[in-house]
Amino acid sequence: MATEYATPEEYGLADLMCCAASREVQDNEVVFAGTGLPMVAIMLAQKTHAPNLKLIFEAGTLDGRPPEIPTSVGDARCEMGASRSSGLYDAFSIAQRGYVDLGFLGGAEVDEYGNVNTTCIGDYLNPELRLTGSGGNPDINSFARRTVFIMAHEKRRFTPQVSYITSPGWRVKKWPGGELVHRRELYGAAFRGGPSAVISTAGVFRFDEQSGRMYLDTCHPGKTAEEIRDLCHFELDISRVQGETSPPTRDELYIIHDVLDPEQIFVPKVKKG
Amino acid sequence: MATEYATPEEYGLADLMCCAASREVQDNEVVFAGTGLPMVAIMLAQKTHAPNLKLIFEAGTLDGRPPEIPTSVGDARCEMGASRSSGLYDAFSIAQRGYVDLGFLGGAEVDEYGNVNTTCIGDYLNPELRLTGSGGNPDINSFARRTVFIMAHEKRRFTPQVSYITSPGWRVKKWPGGELVHRRELYGAAFRGGPSAVISTAGVFRFDEQSGRMYLDTCHPGKTAEEIRDLCHFELDISRVQGETSPPTRDELYIIHDVLDPEQIFVPKVKKG
Amino acid sequence: MSSDKRITLQQAAEIIKDGSSLTFSGFTIWRRPMAIIFELIRQHRRWLHLIEVNGGSQTEFLVGAGCVDIWESCWVGHELYGKYGANLSRKVANKEIIVEDYSHAEMMFRFAAAANGSPYAVTQTALGTDLHNPEYDMLGRAGLRDGKRIAAHKYLFTEDPFFGAGSQVLVPAAKVDIAVLCVQQVGEEGTVRVNGQYYSDPEVARAADITIVMAEEIVPEEYLRRNADQNTIASFEVNHILECPFGAHPTGMFGRYDVDGYFLKDFYGMTRTQEGFDDFAKEWIHGLDHISYLEKLGWPRMLKLKANTALNYSVREKGGK
Amino acid sequence: MSSDKRITLQQAAEIIKDGSSLTFSGFTIWRRPMAIIFELIRQHRRWLHLIEVNGGSQTEFLVGAGCVDIWESCWVGHELYGKYGANLSRKVANKEIIVEDYSHAEMMFRFAAAANGSPYAVTQTALGTDLHNPEYDMLGRAGLRDGKRIAAHKYLFTEDPFFGAGSQVLVPAAKVDIAVLCVQQVGEEGTVRVNGQYYSDPEVARAADITIVMAEEIVPEEYLRRNADQNTIASFEVNHILECPFGAHPTGMFGRYDVDGYFLKDFYGMTRTQEGFDDFAKEWIHGLDHISYLEKLGWPRMLKLKANTALNYSVREKGGK
């Protein structure tokens, strides 16, 4: 196994996103992950630098150690090596009780405050396109101390105002009026944190907890901060850029493609040479 | 096995109470029973006229079929032949959800409205004697459609006003004032019924649902209605007496003493001849 | 103690009347009672109100077939075999269906409240989202909040008076007429043993007024009662039982068979139009019964899906690729 | 994945500081963490606030030894071996202890709320009883309702706004510092498998801030993880583990040993006076450790209590008669 970084032709964007996401986890943390790339990222962390992380899947497996990637959080594979297999009430109770350090989620749209939409495109009452709906996205995000979102980067997806706030960011709607207030104010004693990173196909974004605004942290190899700023419909803060996102190591690529997802269910393999 | 009634010298008061209580159950009912004579009574019904009753024990066994009497509802014996063994949340949820037809309980004091005390004798704030406390008595009684109480009959125990209402009868306290109101009024949509019988060492008592008052239904063999009235500190209605409590059959005595409780843990054996 | 809870597949579907509220076992594309779903479609059931912890392929079949008027849940799709619910999406756009959105935890807690006999649950989830947008109370907008089976409010906010824990969201109990479960084993008297994740099965069974359990196997009740602490649902919570091997296909069942990804992908592809759905239903539902459906699937396909009993999933098939 | 959760019996008791709020596994006289209870008495722990779904022999030992200032629960006694809690009864009469009474379901739902991260539970139990007598709010009378660890109100009434289901009793979450469990098996990483009724163990473990699990056996974690659907409590809910065979004696443990009825009867008899309790503690607690306690009990007694593994209870012993 090799810990040196792979060269750009050896990996794809999905690899890069999984590896960047994986590095958001610290060992021993309790992590709640959704189906797809979030699942790959967290299992990659489990098989590299965070062997003692506790993995929770929404359908009801606690501290699972699947040998290969499950096809969904309800998959029989989730249960392999788990401490307990039960159900959704258990998983959400544990989350609401405050056990979860980190949530790993996806999204269709995000705004500059980290509000995420997975419900519909266009007016909710007259939707252009109805999507899956919330799933556990708002729940995991409400209950965890940090949440990392993994999304495809298209300009229309990085929008000043999401069509529907499915999952709460740093400035959220206060009902019945719907005016935006800081998450800390609305959540009060239930406040534990919020979105800590968005990892897109372009870069890694973080949030200024005070203002609640997104900023660019690192650019994926080959992209400039200005290019990424132009890929957002809102005014992206690029003043805090720290350079390039670290590429995958050869170890990480091996684990993704030869251990976790050899069938390329979630992560396509880049053709070499 | 013999279905004819036993003669008075063949049974004791505990036998008579168990048999009278057992006959309160109909087949197929869901019954929630406490430790002690209630447990014997319900298991007697299960082994005689109500083989399909579903027995719930508070500690968490659902539809159990113990071959012999457990020493408490938490006993390992409760689990024998059960449909499900779980815990208290499960048992109380099932009860609150409305599955329970009949509760079988005990008590230290009862008043003319069927309010039962198992908490203390004397002023609660300066008790003469602190008893066990409520246990599940008020819960089972609140949730079931009918409740049967089995108690020793002493004049001080059949009192105009119990020291503490642990378990609700037909006229109960409306807080914050504490004035007595009909159970139906207080429980509203959650009203399912109330105490349907008290089976003491003297007789079987029932309740006029309208007035909420206790009346004497049958006298145990050898006792007159007037004697029983004199054994109550409140004015007992003896106008509706239906005669004598049916004695145990020889079958029932066999099941109590040779099958369920051969060690005489709850029911002492009357010495024959 | 007799087996008088037994019914047939056809009878199971007949118990579910037009206009019933209905919920299911399982999770997205796992352990869904598909054989009964197909039978409901054959019987042209109408005006159903689905209340689901989460939706999945079963939702898309019923919605596609026009059986559903109201869908109250949080998610629909076919996981990696179909990224959203195309039938539902089309009918929402056409305003042919009412959708009431909650979060996943809210739906779970709503069923837990109903199962517990409580009128509502107390949570702190999804604060600040459009799930609580008062304009988006769709059952309210439709005038359906009668306070009987459908709660008078979609949700209410309150403050915690005990510990000053701040804003709480109160969500009403999910009251449903019928729950239809699909599990590995049921005993002759109704005791259910689920292997693997039980998802929200215990709560939906208890929340419903009538519970129907379809199992891979009906097993001797005594067998299950030898290990009562491994059982999932008590006998008296179950009203009707039926045995239907592979009844969850094309969804998967822990320890028995995997999700049929090819089938779901094909289905999803067809559901982009109503015509496509109708063609699929014509081929796979109408004019068939469960056995002819299995015959049509054929042995090679089912053997490929069959789980390895040491691992509880198939090692021959993954991902429908 | 190391076994760094292991502690000793003495350390387990030391984690429980003077003034802690404390709760336990088990039910009345079953699966109580008696070895730790005895160690707490040896260590002269003081000012404990017990919050218990139900009390039992463990309560009577701690109360008798003067360890407890506040007892919040619904029941105490030794089942058929002692019809009430004589130590508690005496100390209540002498006003040496504060007792806060709830119903059994209320206590259970309070722990379920805490385990679920909700500040309170919604129930319809015990309406019209003195459990809701506002004069009998004993923690309120003592000025202890700070709204932090002890709720600002004993309970509150409200009306159901969703379905018109009438009066509801809101009871505050049971927030406890430490839960001490006594179970059959715990894995090296903390996974718990309870056999038989699990009582309120999953909820109390999750409600507490620190959870200590004492088990008959510490078993390889992989062994338990081979059948995850048979486990009761997840690894990360448990902070500390220890192995202590017969640690529940004189209470019983499903599948392992029965309640020692003779022991409890003797104890109950002695507790009618403080001097009696002190004499009993002098004989059975002080100056002993767990092994010398077992030696003192002796083999014949323990073999008599040993459960038949096919039945899960002893066929040699019943009822302590």
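All chains are named by letter (A, B, ...) in the order of the sequence lines, taking the proteins before the strands, and each is independently numbered beginning at 1. Computed from heavy atoms alone, side chains included, the values below leave out hydrogens, waters and symmetry copies.
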Exercise. If you count heavy-atom pairs under 4.5 Å between each of C/Val122, C/Leu170, C/Val194 and chain D, which one has the most?
Worked result: C/Val122

For this session: Not counting sequence neighbours, which residues clear side-chain contact (heavy atoms from CB on, under 4.5 Å) with C/Ala307? List them please.
Result: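 Listed in chain order: nothing, the list is empty.
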
For this session: Mind checking side-chain contact (heavy atoms from CB on, under 4.5 Å) for D/Ala152 and listing every partner two or more places apart, or none if nothing turns up?
Result: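 Result, side-chain contact (heavy atoms from CB on, under 4.5 Å) vs D/Ala152: none returned.
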
Problem set entry | Most chain C-contacting option - heavy-atom pairs closer than 4.5 Å, from D/Gly196, D/Pro172, D/Gly147 |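 It is D/Pro172.
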
Exercise. Is it the backbone or the side chain of D/Ile150 that comes under 4.5 Å from a heavy atom of chain C, or both, or neither?
Worked result: backbone

Seminar exercise, completed: Scored by heavy-atom pairs under 4.5 Å with chain C, the best of D/Ala228, D/Gly164, D/Ala173 is D/Ala173

For this session: For D/Phe24, enumerate each residue passing the ring-ring contact (aromatic ring centres under 6.0 Å, His included) test, keeping only those at least two apart in sequence or located in another chain.
Result: none

Problem set entry | Portion of D/Ala113 that has a non-hydrogen atom of chain C nearer than 4.5 angstrom |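 No part of it gets close to chain C.
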
Exercise. For the candidates D/Pro161, D/Pro119, D/Ala121, D/Ala151, which exhibits the highest count of non-hydrogen atom pairs separated by less than 4.5 Å from chain C?
Worked result: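 Most heavy-atom pairs under 4.5 Å with chain C: D/Pro119.
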
When you scan chain D against chain C, which donor-acceptor pairs turn up at less than 3.5 Å?
unit_1, atom_1, unit_2, atom_2, d
D/Gly117, O, C/Gln124, NE2, 2.9
D/Ser118, OG, C/Val122, O, 3.0
D/Val122, O, C/Ser118, OG, 3.0
D/Gln124, NE2, C/Gly117, O, 2.9
D/Ala152, N, C/Phe162, O, 2.9
D/Phe162, O, C/Ala152, N, 2.9
D/Gly196, N, C/Asp229, OD2, 2.8
D/Asp229, OD2, C/Gly196, N, 2.8

